[in-house]
Amino acid sequence: MNQFAAAFLLIGFVSVNAQIDKRNVLQYLEDGNFTTLVNLVKRVGLAAPLSTGIVVCINPYYIFAPTDEAFNKLPVDVLLKLRADPSSVLGFLQFHVVGGIAINNMFTNGSTFDTLNNKTIHIIKYKNNATVANGVPISQNEVIVRNGVIHKVDRVLLPLEKSISEYLGEHDIQFQDLYAALVLEGYEKALEGGNFTLFAPEDHAFSSIIAALPTITADDNLFKKILAMHVVPGVYFSAALTDGMKLTTLAGNQLTVSINSKVFIDGAQVIVTDVATTNGAIHTITSVITPPSST
Ligand SMILES: *[C@@H]1O[C@H](CO)[C@@H](O)[C@H](O)[C@H]1NC(C)=O
Ligand SMILES: *[C@@H]1O[C@H](CO)[C@@H](O)[C@H](O)[C@H]1NC(C)=O
Ligand SMILES: *[C@@H]1O[C@H](CO)[C@@H](O)[C@H](O)[C@H]1NC(C)=O
Ligand SMILES: *[C@@H]1O[C@H](CO)[C@@H](O)[C@H](O)[C@H]1NC(C)=O
Ligand SMILES: *[C@@H]1O[C@H](CO)[C@@H](O)[C@H](O)[C@H]1NC(C)=O
């Protein structure tokens, strides 16, 4: 056992699931499936701080380490930004590293951690014990190495920069109809006033209710209600969703989550999950959720 881990054990911080490893952060990553991460870390000059550790417990780092698979899932807009501006890679990586000590047992609901580039990671811990960092699930099994703690993540972490409304406004290629509807009904501002989960119908979802649209838009209350049926107070990233779970919307009705190999919300299939914003989560769905009588 390394002394760093021993110190943790002594103060009773380490969960029973933690693995303990003699290597340092960089060595551990080099031996695992973190090829892209290691290449980038070396390229931007982060290798040195992650491979110290002769003197234990000085300058330890907690790293959320995206696997190669995580890099393969990098959202296209993020990939393009990183390619267009290679200097942004450093900040992107620094956002995965927390100076000091941050282990699983310190991840309580609502806790925050400042990363090496001075941005904040927000932790949510759900009733089902799933824990997410900016929406990305973190497993229970951290690895305590000689100079820090490693947590494997299967998606990259991104800073929370836009609110739900701002995100929709900026991605109006996908959400033009929804965004227009929200603005029209005055929900755009209301969505800034709390933490929400939005089930956002992509544009072609609206075509499925086109026959009913004249009736819906003619009845302002109905239209408002339909929009409100897509908004759930509270932040539910996919890690929090379980089969059969009911979510109460702003309209007061309940949405039922069903999970088999795919995820459905009241019959609408979820195709993109876990867009993390400053005030909640966005999941893209393929159809518009409507009250039974309006379709
Ligand atoms: C790397 O990934 C492969 C394929 O998924 C797996 O078999 C192997 O055990 C992994 N190696 C490590 C060190 O985790
Ligand atoms: C983060 O803040 C610290 C302390 O204020 C400062 O020394 C450091 O340069 C900042 N780092 C970045 C990347 O902004
Ligand atoms: C976590 O914190 C949020 C925001 O404060 C709260 O709404 C939620 O109920 C909390 N979850 C649990 C499981 O305590
Ligand atoms: C969550 O963790 C607590 C403490 O370890 C445990 O008592 C509880 O049963 C767990 N809940 C679920 C849903 O796994
Ligand atoms: C969202 O939740 C966080 C944490 O509970 C809270 O600090 C923040 O004020 C909430 N945001 C809004 C817009 O209500």
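Here, residue 1 is the first one in the sequence, and each next residue gets the next number. We count ligands from 1, going down the list as the structure has it; atoms in each ligand are counted the same way.
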Distances under 3.5 Å, N/O of ligand 3 against N/O of the protein: list each pair and its distance.
{"unit_1": "ligand 3", "atom_1": "2 (O)", "unit_2": "Asn109", "atom_2": "OD1", "d": "3.4"}
{"unit_1": "ligand 3", "atom_1": "2 (O)", "unit_2": "Asn109", "atom_2": "ND2", "d": "2.4"}
{"unit_1": "ligand 3", "atom_1": "11 (N)", "unit_2": "Asn109", "atom_2": "ND2", "d": "2.8"}
{"unit_1": "ligand 3", "atom_1": "14 (O)", "unit_2": "Asn109", "atom_2": "ND2", "d": "3.4"}

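- Heavy-atom contacts of Asn117 reach the following atoms of ligand 2: 13 (C) (cutoff under 4.0 Å).
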Stepwise salt bridge (charged side-chain N to carboxylate O under 4.0 Å, His left out) check, Lys152 with Glu69: CA-CA 11 Å; Lys152 211 186 215 181; Glu69 207 194 321; over 6 Å; no
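- If you chain together ILVMFWY residues whose side-chain heavy atoms come under 4.5 Å of each other, Leu80 ends up grouped with Val76.
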His283 vs Phe199, ring-ring contact (aromatic ring centres under 6.0 Å, His included): CA-CA, chis, key distance, verdict: CA-CA 5 Å; His283 308 289; Phe199 294 101; 5.5 Å; yes
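- Listed by first and then second residue, the side-chain hydrogen bond (donor to acceptor under 3.5 Å, both in side chains) pairs that reach into residues 71-84 come to none, sequence neighbours excluded.
- Taking every non-hydrogen atom of Glu192 and a distance limit under 4.0 Å, the qualifying atoms of ligand 5 come out as 13 (C).
- Taking any N or O of Gln94, backbone or side chain, none lies under 3.5 Å from an N or O belonging to ligand 2.
- Sorted by first and then second residue, the pairs that involve residues 111-140 and meet ring pair (Phe, Tyr, Trp, His ring centres under 6.0 Å), not counting sequence neighbours, are Phe107-Phe113.
- A side-chain donor-acceptor contact under 3.5 Å links Thr35 and Asp68.
- Defined by atom type and a distance below 3.5 Å, a donor-acceptor pair is present between the side-chain atoms of Glu192 and Ser163.
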